[in-house]
Amino acid sequence: MRGVIFRGLEELVIEALGMQAWDELLEAYAPTGRVYVSPTSYPDEELFALAQGVAAKLGKPLTEVLAIFGQSLFGFLAEKHKGIAAKFESFEELVLSIDSVIHMEVKKLYDEPNLPSINVVKEDDKTLILEYCSKRKLCFCAEGLLHGAAQHYSRKLSIEHPQCMHNGAEHCTLILHLD
Ligand code: MNH
Ligand code: ZN
């Protein structure tokens, strides 16, 4: 995973738990002297270990921490890549463009990024169906990112997750219900 994702986690942890908590997590789960640089790649296991450490500190399940992280990560990425996120006039437009525009731009900015495959179809005025597939199985993080995007457009969103890679499915299905 890119440094930018670790920086997003760092920002959230410092905000929620303070600088010392982040230093303790680095000490426990990252190699000595680790500094996260946005365009550089670091091992996925390191991100999972840090997130697990955050979960332990908060006494919350990892899935919940990944969802909270995803939600704050949306704002962080949108701020960091203002041009990309500002292209879209609505939540629906943004979500329909994750693969074809947003992550396509990411591929131009970062050398060989590790991105999921995301397919979205519009079911009706209030419903989008999203299929998520990635060997990293970060579907809970994806849910959080979608909630962050909904917040950005002041939309009320609820998500069903009837099919999940964590239960052996070949992709996750997320049903997005808008008000
Ligand atoms: Mn996007 C990684 C989903 C919006 C830039 N993105 C990921 C991952 C998920 C994801 C899930 C984790 C990797 C994986 O699952 O295999 N991203 C989304 C969703 C939205 C989204 C559901 C909107 C909602 N992403 C954005 C926006 C940007 C962005 C906006 C920036 C403009 N995403 C990234 C980058 C990575 C990433 C950068 C990390 C790539 C890497 O580590 O190589
Ligand atoms: Zn899932």
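Indexing begins at 1, ligand by ligand and atom by atom, following the structure's order.
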Looking at H147, H152, H81, which hits ring pair (Phe, Tyr, Trp, His ring centres under 6.0 Å) with F74? H152
Measure from atom 14 (C) of ligand 1 to every heavy atom in G8, S134, A150, G3 and give the option owning the shortest one. S134
shortest atom 43 (O) of ligand 1-to-protein heavy-atom contact is with N114 N, 2.8 Å
Could you tell me the residue and atom name of the protein heavy atom closest to atom 12 (C) of ligand 1, and the distance to it rounded to 0.1 Å? L138 CD1, 3.8 Å
Distances under 2.8 Å only: what protein N/O/S atoms are near atom 1 (Mn) of ligand 1, ordered by chain and residue? H103 NE2
Using the test salt bridge (Lys or Arg N to Asp or Glu O under 4.0 Å), find all partners of E64 that sit at least two apart in sequence or belong to another chain. K60
Could you grab the distance from atom CD1 of I14 to atom CE of M19, nearest 0.5 Å is fine? 4.5 Å
Who's closest to atom 13 (C) of ligand 1 heavy-atom-wise, of E105, E143, R136, E112? R136
Numbered atoms of ligand 1 (with element) below 4.0 Å of I84, judged on heavy atoms: 32 (C)
Give the atom numbers and elements of ligand 1 that come within less than 4.0 Å of a heavy atom of P113. 43 (O)
Could you give me the CA-CA distance, side-chain angles and deciding distance for K57 and E24, then say whether salt bridge (Lys or Arg N to Asp or Glu O under 4.0 Å) is met? CA-CA 10 Å; K57 277 192 187 290; E24 286 165 11; 2.5 Å; yes
Separation of E10 CD from Y36 OH (nearest 0.5 Å): 9.0 Å
Answer with yes or no whether the hydrophobic clustering places I175 together with L157; edges join I, L, V, M, F, W, Y residues whose side-chain heavy atoms lie under 4.5 Å apart. no
Candidates K80, H81, R2, M1; heavy atom nearest atom 31 (C) of ligand 1 found on H81
Quick one: CD1 on I84 to CG on L77, what's the gap to the nearest 0.5 Å? 9.0 Å
May I ask you to list the residues sharing a hydrophobic cluster with V121, side-chain cutoff 4.5 Å, ordered by chain and number? I129
Which of the protein's N, O or S atoms come within less than 2.8 Å of the Zn ion (ligand 2), not counting waters? C139 SG, H161 NE2, C164 SG, C172 SG
Please check: side-chain N/O of T127 versus main-chain N/O of D124, any donor-acceptor pairing under 3.5 Å? no
Atom of Y42, atom of V35 and distance for their closest heavy-atom approach: OH-O, 3.1 Å
Please state whether V95 comes within less than 4.0 angstrom of ligand 1, counting heavy atoms only. no
Check N114 against M1 and note the closest heavy-atom contact, atom names and distance. ND2-N, 4.1 Å
Check whether any side-chain heavy atom of N119 lies under 4.5 Å from a side-chain heavy atom of Y132, and answer yes or no. no
Polar contact flag for Y132 and ligand 1 (N/O pairs, less than 3.5 Å): yes
Are V37 and L73 connected into the same hydrophobic cluster when the rule is that any two of I, L, V, M, F, W, Y join if their side-chain heavy atoms are below 4.5 Å apart? yes
With side chain to side chain contact (heavy atoms under 4.5 Å, CB included) as the test, pick out the partner of F88 among I102, V95, L96. I102
The atoms of ligand 1 lying under 4.0 Å from a heavy atom of I5, numbered in the order shown, are 36 (C), 39 (C)
Under a 4.0 angstrom heavy-atom cut-off, which atoms of ligand 1 come close to Y110? 38 (C)
Are L145 and L109 connected into the same hydrophobic cluster when the rule is that any two of I, L, V, M, F, W, Y join if their side-chain heavy atoms are below 4.5 Å apart? yes
